Chemist: 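First the structure, then my questions, so here it is.
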Protein chains: 2
Amino acid sequence: MALEIPEVVIDRLPIYVRALTVLERQGRDVVNSQELGGKLGVTPAQIRKDLSYFGRFGKQGRGYNVKRLLEELHQILGITREWSMVLVGVGQLGRAILGYGGFAPQGFRIVGAFDVDSAAVGERVDGLEVKSIDVLPEEMRQLRAQLGIVAVPAASAQQVIDMLVESGVKAILNYAPIAAHVPPDVRIKDIDPVLALQSMTFYIKESGAAP
Amino acid sequence: MALEIPEVVIDRLPIYVRALTVLERQGRDVVNSQELGGKLGVTPAQIRKDLSYFGRFGKQGRGYNVKRLLEELHQILGITREWSMVLVGVGQLGRAILGYGGFAPQGFRIVGAFDVDSAAVGERVDGLEVKSIDVLPEEMRQLRAQLGIVAVPAASAQQVIDMLVESGVKAILNYAPIAAHVPPDVRIKDIDPVLALQSMTFYIKESGAAP
DNA sequence: GCTACATTGTGCATGCGCGCGCAATCACAG
DNA sequence: CTGTGATTGCGCGCGCATGCACAATGTAGC
Ligand SMILES: NC(=O)c1ccc[n+]([C@@H]2O[C@H](COP(=O)([O-])OP(=O)(O)OC[C@H]3O[C@@H](n4cnc5c(N)ncnc54)[C@H](O)[C@@H]3O)[C@@H](O)[C@H]2O)c1
Ligand SMILES: NC(=O)c1ccc[n+]([C@@H]2O[C@H](COP(=O)([O-])OP(=O)(O)OC[C@H]3O[C@@H](n4cnc5c(N)ncnc54)[C@H](O)[C@@H]3O)[C@@H](O)[C@H]2O)c1
């Protein structure tokens with residue numbers, strides 16, 4: 001199979017999905033690569049090249065059928081089905097994640113929440129009962145979640161990630177500020193706002209006006 | 001000046017900072033590129049090449065002095081000083097951000113919080129009084145914040161970003177799921193967990209066991 | 001049905017990031 | 001002070017992502 005597809009390409013596809021979803025909701029039928037690129041800050045050639053890895057979805061002289069392209073991208077990314085996720089760490093961030101309404105419409109369902117703190121365990125948060133981290137392995141045998149979200153302090157993160165991997169999770173969204181280690185068959189993506197800020201200050205550090 | 005430094009390099013420096021900070025706290029004096037690379041999943045050559053853009057910080061036969069290298073990286077990234085940030089959108093996520101203890105130790109201070117909802121305005125959240133979005137422009141004349149955090153719904157995000165730019169903000173951390181437009185002299189980084197999830201499902205979609 | 005026009009799909013060249021490999025350099029032991 | 005061992009700094013080539021340019025192809029108008 002065509003597994004020579006660059007990872008950068010895969011990372012751009014969800015952005016296309018996001019923009020196309022907006023266009024579909026606006027009732028737009030077709031869109032061309034130039035308009036789409038303008039919205040996203042991507043060159044039209046880039047978009048066409050990216051899509052050409054997977055097939056020929058456009059019509060010359062018109063552009064891309066919004067609905068059709070959206071379906072194709074869903075198929076490619078594997079987001080036609082529903083995905084089950086478990087959350088570990090029901091603290092401040094964990095609660096915001098549980099309450100976030102942005103996952104469900106995209107087919108990502110949180111089916112389990114775990115914490116080590118006995119004060120949190122047993123509590124109901126957004127219709128989900130928080131379970132003890134100790135029962136994660138056995139709970140996972142029923143839940144069969146393929147994705148894990150890690151929102152525990154840095155000190156516990158690697159340990160929690162190991163547990164998730166052991167329980168069969170194949171992809172992890174990690175909010176803890178560590179560089180975690182996972183087996184080659186497990187995907188992991190980190191979200192760290194501090195890293196984002198620290199790389200931006202490099203570019204603006206000369207632009208005056210300290211307080 | 002040496003402004004030919006690739007952005008990917010700048011994006012890696014904060015990761016080095018994070019790892020070195022841990023080593024320093026552990027009392028380590030020196031570290032070599034191999035050990036550092038092992039921790040971070042980066043090749044030793046990559047690390048040495050990255051650092052060589054900015055100077056010669058290592059000693060042959062020994063490695064890098066942890067404290068010294070950390071200071072150099074702080075200097076390079078512009079994180080020796082304190083940076084002031086304003087937050088717009090004090091909802092679920094905004095409150096988690098305000099309560100997050102990870103910004104202050106790295107020199108990032110939230111000095112203002114704004115919302116449009118009259119129920120939130122006037123409220124004190126983590127020692128900060130939430131102000132109306134209407135007074136953002138005049139408040140900014142006193143606060144002089146260089147960074148902005150956007151945690152409002154997608155529909156309001158571009159408008160809020162325009163206001164921040166107008167008020168002199170030079171870098172924006174955007175949590176809203178949109179591709180925002182900013183002038184060339186303003187940096188912006190997006191944080192979107194859904195995009196991260198959607199790119200990971202591509203790789204694990206065949207690996208069995210649907211619910 | 002035919003012509004004019006718009007836009008895709010892609011071969012190809014350019015440029016850039018990555019990592020190899022080695023000489024230069026430093027620490028340390030004897 | 002000299003030799004040994006280790007690790008950096010960096011020149012260089014390779015590979016890959018990016019974007020140009022054009023032929024292929026479909027649309028719409030007449
Ligand atoms: N709050 C934010 O906005 C924010 C933003 C980015 C990253 N983060 C990161 O997310 C993580 C959580 O942040 P937070 O603000 O929610 O902290 P928090 O202290 O409020 O929550 C952490 C939760 O994890 C639980 N926990 C600790 N060890 C555990 C273990 N071994 N197993 C299961 N649960 C465990 C704690 O009981 C607590 O409920 C931290 O690593 C933080 O750096 C937070
Ligand atoms: N909650 C999460 O974990 C999470 C994660 C990632 C991204 N996001 C994104 O972050 C944003 C906020 O999410 P949330 O869950 O906190 O939503 P929320 O509805 O709880 O909070 C949004 C807040 O923004 C305020 N607001 C709306 N328009 C405004 C305007 N023009 N000016 C100032 N304030 C305004 C609202 O009054 C509200 O308080 C959304 O774009 C969401 O997609 C949230």
Side-chain angles (χ1 to χ4, degrees), chain A residues 1-16 19-20 23 28-73 76 179 184 199 202-203, chain B residues 2-16 19-20 23 28-73 76 179 199 202-203:
Chain A
M1 279 280 274
L3 266 189
E4 337 80 353
I5 295 161
E7 189 164 343
V8 274
V9 172
I10 303 301
D11 285 344
R12 275 192 295 267
L13 299 187
I15 308 181
Y16 303 158
L20 288 166
L23 287 171
R28 285 285 302 276
D29 277 350
V30 291
V31 66
N32 61 38
S33 59
Q34 182 162 8
E35 182 185 356
L36 196 57
K39 289 185 189 299
L40 299 175
V42 174
T43 63
Q46 181 84 265
I47 293 178
R48 297 200 298 273
K49 193 54 159 299
D50 286 352
L51 297 177
S52 74
Y53 278 102
F54 305 97
R56 310 175 55 136
F57 308 127
K59 305 273 181 179
Q60 285 91 335
R62 272 181 69 76
Y64 299 89
N65 179 295
V66 173
K67 205 169 156 60
R68 157 90 195 290
L69 182 54
L70 205 41
E71 279 167 6
E72 294 284 357
L73 287 172
I76 292 163
S199 61
F202 171 83
Y203 294 101
Chain B
L3 265 191
E4 336 81 354
I5 296 162
E7 190 165 342
V8 274
V9 173
I10 303 301
D11 284 345
R12 276 192 295 268
L13 299 186
I15 307 181
Y16 303 159
L20 288 165
L23 287 171
R28 286 286 302 276
D29 277 348
V30 292
V31 66
N32 60 39
S33 59
Q34 182 161 10
E35 183 185 356
L36 197 56
K39 289 184 190 298
L40 299 175
V42 174
T43 64
Q46 181 85 265
I47 294 178
R48 297 200 298 273
K49 192 56 159 299
D50 286 351
L51 298 177
S52 74
Y53 279 101
F54 305 97
R56 312 175 52 139
F57 308 127
K59 306 272 181 182
Q60 285 90 336
R62 275 180 68 76
Y64 299 89
N65 179 296
V66 173
K67 206 170 155 61
R68 158 90 194 291
L69 182 55
L70 206 41
E71 280 167 5
E72 295 283 358
L73 287 173
I76 292 163
S199 61
F202 172 82
Y203 294 100

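On a predicted model such as this, the values are computed, not experimentally measured, just so you know. We name chains A, B, ... by the order of the sequence lines, and we start the count at 1 in each one.
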Chemist: For the pair made of CD1 in A:Ile10 and P in D:dC16, what is the distance, rounded to whole Å?
Modeler: 16 Å
Chemist: Could you measure the distance from the CG atom of A:Leu23 to the CG atom of A:Leu70? Nearest 0.5 Å is fine.
Modeler: 9.5 Å
Chemist: Side-chain donor or acceptor of A:Lys49 under 3.5 Å from a matching atom on the base of C:dG9?
Modeler: no
Chemist: For the side chain of B:Tyr64, counting heavy atoms from C-beta on, which of C:dA27, C:dT8, D:dT8 is nearest?
Modeler: D:dT8
Chemist: Once rounded to the nearest 0.5 Å, what's the spacing between atom CD1 of A:Ile76 and atom CD1 of A:Ile5?
Modeler: 8.0 Å
Chemist: In terms of side-chain heavy atoms of B:Arg62, which of C:dT25, C:dT7, C:dA27 is nearest?
Modeler: C:dA27
Chemist: Tell me which nucleotide among C:dG17, D:dG19, D:dC10 gets nearest to the side chain of A:Gln46.
Modeler: D:dG19
Chemist: Would you mind reading off the distance between A:Glu7 atom CD and C:dG17 atom C1', rounded to a whole angstrom?
Modeler: 15 Å
Chemist: Without decimals, in angstroms, what is the distance between B:Arg56 CZ and D:dT7 P?
Modeler: 17 Å
Chemist: Can you measure from OH (B:Tyr16) to CD (B:Gln46) and round to the nearest 0.5 angstrom?
Modeler: 5.5 Å
Chemist: Roughly, in whole Å, what's the span from CD in B:Glu35 to P in D:dT7?
Modeler: 10 Å
Chemist: Figure out the CD/P separation between A:Gln60 and D:dA23, and round it to whole Å.
Modeler: 14 Å
Chemist: If each of B:Val8 and B:Arg48 is mapped to the nucleotide of DNA chain C with the nearest heavy atom, which maps nearer the 5' terminus, i.e. the 5' end?
Modeler: B:Val8
Chemist: More than 12 foreign heavy atoms under 6.0 Å from CD of B:Glu35: is that the case here?
Modeler: yes
Chemist: Expressed in angstrom and rounded to an integer, what is the separation of A:Asn32 atom CG from C:dC5 atom P?
Modeler: 18 Å
Chemist: By nearest heavy atom, map A:Val42 and B:Ser52 onto DNA chain D; which one lands nearer the 5' end?
Modeler: B:Ser52
Chemist: Atom CZ of B:Arg56 and atom OH of B:Tyr64: how far apart are they, to the nearest 0.5 Å?
Modeler: 10.5 Å
Chemist: Over how many whole Å does the gap from B:Tyr53 atom OH to C:dG19 atom C1' extend?
Modeler: 12 Å
Chemist: Can you tell me how far C1' of D:dC10 sits from CG of B:Asp50, to the nearest Å?
Modeler: 13 Å
